[in-house]
Amino acid sequence: MLLPEKTSRLAKLNIVDELIQDLHSSDPTKRRKAIWDLGQQGDSRAIQHLVDLMIDADSQESSLILAALAEIGTRVLKPMNRALAISIQDESPQVRQNAIRDLTRVYDMMGQMTQMLRHALEDPDPDVQATARYALTQMNRMRGLPEQQSLPENSDKNSPE
């Protein structure tokens, strides 16, 4: 006899697999529902399938795909953020150093996204420009706190190379 936790986990895996299959449906309503439901499931296995679907997607599907990817990304980043927070407080200097390195990798990706937003400031559509300005303002506000703190004079002594 299977325990309830095991059966619900298996059911979720099957649901995600079925939804991924529905992405290839010729019925746009079924495809859009699958996109939406995959976002709600928050399962990272759907990411590549959703990105692949964007190539042939219309604007409505592209918007749904981006929303689904954002939802999945948020659900993935929350536990990663918690893991990094725990690791940065670990008693082992090696674990703390690795956490800092990994956090830097995540921050580097955000820097790349900032570059994309800067290009969006030159978009021909004024609404896109305004949204990009708003996003950059928010990102700069988030970055403002660490920039206000000064680094110790010998900070480069401990930086990994």
Side-chain angles (χ1 to χ4, degrees), residues 1-90 95 98-146:
M1 206 164 108
L2 293 174
L3 299 173
E5 301 89 16
K6 299 289 184 192
T7 55
S8 62
R9 176 76 175 141
L10 288 174
K12 182 176 181 178
L13 291 175
N14 290 336
I15 288 170
V16 171
D17 289 337
E18 288 177 29
L19 291 170
I20 289 171
Q21 290 304 312
D22 288 350
L23 293 176
H24 304 291
S25 172
S26 58
D27 177 5
T29 303
K30 187 175 187 177
R31 211 172 37 247
R32 289 178 181 136
K33 182 176 180 349
I35 293 166
W36 175 258
D37 289 345
L38 283 168
Q40 297 307 299
Q41 291 292 322
D43 193 309
S44 63
R45 293 176 298 149
I47 292 172
Q48 190 59 53
H49 298 279
L50 290 166
V51 171
D52 291 344
L53 185 61
M54 284 190 82
I55 296 167
D56 297 318
D58 61 23
S59 61
Q60 184 180 6
E61 280 186 4
S62 290
S63 293
L64 278 172
I65 291 168
L66 287 173
L69 290 170
E71 183 65 31
I72 293 167
T74 299
R75 291 182 186 208
V76 168
L77 285 173
K78 282 182 182 179
M80 185 170 34
N81 187 38
R82 180 160 164 67
L84 287 167
I86 291 168
S87 297
I88 222 158
Q89 299 173 43
D90 195 275
V95 171
N98 288 338
I100 292 166
R101 181 203 63 224
D102 295 339
L103 182 59
T104 302
R105 290 174 57 201
V106 172
Y107 193 79
D108 284 344
M109 286 191 316
M110 295 308 296
Q112 293 170 10
M113 291 178 190
T114 301
Q115 285 301 108
M116 287 187 265
L117 287 172
R118 286 194 179 111
H119 289 295
L121 290 173
E122 299 171 13
D123 193 275
D125 186 289
D127 291 336
V128 172
Q129 291 176 13
T131 304
R133 256 191 310 281
Y134 170 78
L136 282 168
T137 300
Q138 294 300 327
M139 291 177 88
N140 286 334
R141 195 188 82 207
M142 288 184 270
R143 284 195 308 204
L145 182 61

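All values below come from the heavy atoms of this structure, side chains included, with hydrogens, waters and symmetry mates left out.
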Take Leu23 and Leu19, measure what side-chain contact (heavy atoms from CB on, under 4.5 Å) needs, and give me the verdict at the end. CA-CA 7 Å; Leu23 293 176; Leu19 291 170; over 6 Å; no
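Taking the side chain as every heavy atom from C-beta outward, Arg45 and Asp17 approach each other to under 4.5 Å.
Of the inter-residue distances, the one linking Thr131 atom OG1 with Leu121 atom CG reads 10.5 Å to the nearest 0.5 angstrom. One distance of note links CG of Leu64 with CG of Leu38; it measures 11.0 Å at 0.5 Å rounding. For the atom pair CG of Leu69 and OG1 of Thr74, the computed distance is 10.5 Å after rounding to the nearest 0.5 Å. With values rounded to the nearest 0.5 angstrom, Leu117 atom CG is found 11.5 Å from Gln138 atom CD. Once rounded to the nearest 0.5 Å, the distance linking CZ of Arg75 with CD of Gln40 reads 6.0 Å. To the nearest 0.5 Å, atom CG of residue Asn140 and atom CG of residue Leu136 are 6.0 Å apart.
Annotation: side chain to side chain contact (heavy atoms under 4.5 Å, CB included) contacts of Asp125 (sequence neighbours excluded): Asp123, Asp127, Val128. By the salt bridge (Lys or Arg N to Asp or Glu O under 4.0 Å) test, Asp58 is found to be paired with Arg32, residues two or more places apart in sequence or in another chain being considered. Remark: Gln129 engages no residue in a side chain to side chain donor-acceptor pair (under 3.5 Å) (not counting sequence neighbours). For Asp37, the salt bridge (Lys or Arg N to Asp or Glu O under 4.0 Å) criterion is met by Lys33, not counting sequence neighbours. Residues passing the side chain to side chain contact (heavy atoms under 4.5 Å, CB included) test with Ser63, sequence neighbours excluded: none. Partners of Gln112 by side chain to side chain donor-acceptor pair (under 3.5 Å), not counting sequence neighbours: none found.
The two residues Ile100 and Ile88 have their closest heavy-atom pair at CG1-CD1, 3.8 Å. Shortest non-hydrogen contact noted between Ser44 and Ile72 is CA-CG2, 3.8 Å.
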Can you give me every donor-acceptor pair (side chain of residues 47-54, partner residue at least two apart or in another chain, under 3.5 Å) with its distance?
from  : atom 1 : to    : atom 2 : distance (Å)
Gln48 : NE2    : Asp52 : OD1    : 2.8

List the atom pairs, with distances to 0.1 Å, where a side-chain N or O of residues 76-84 and a protein N or O form a donor-acceptor pair under 3.5 Å, not counting sequence neighbours.
none

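Listed for the Ser25 side chain is no donor-acceptor partner under 3.5 Å among the backbone atoms of Gln21. For the pair Gln89 (side chain) and Ala85 (backbone), a donor-acceptor distance under 3.5 Å is present.
Sorted by first and then second residue, the salt bridge (Lys or Arg N to Asp or Glu O under 4.0 Å) pairs with a member in residues 104-117 read Asp102-Arg105; sequence neighbours excluded.
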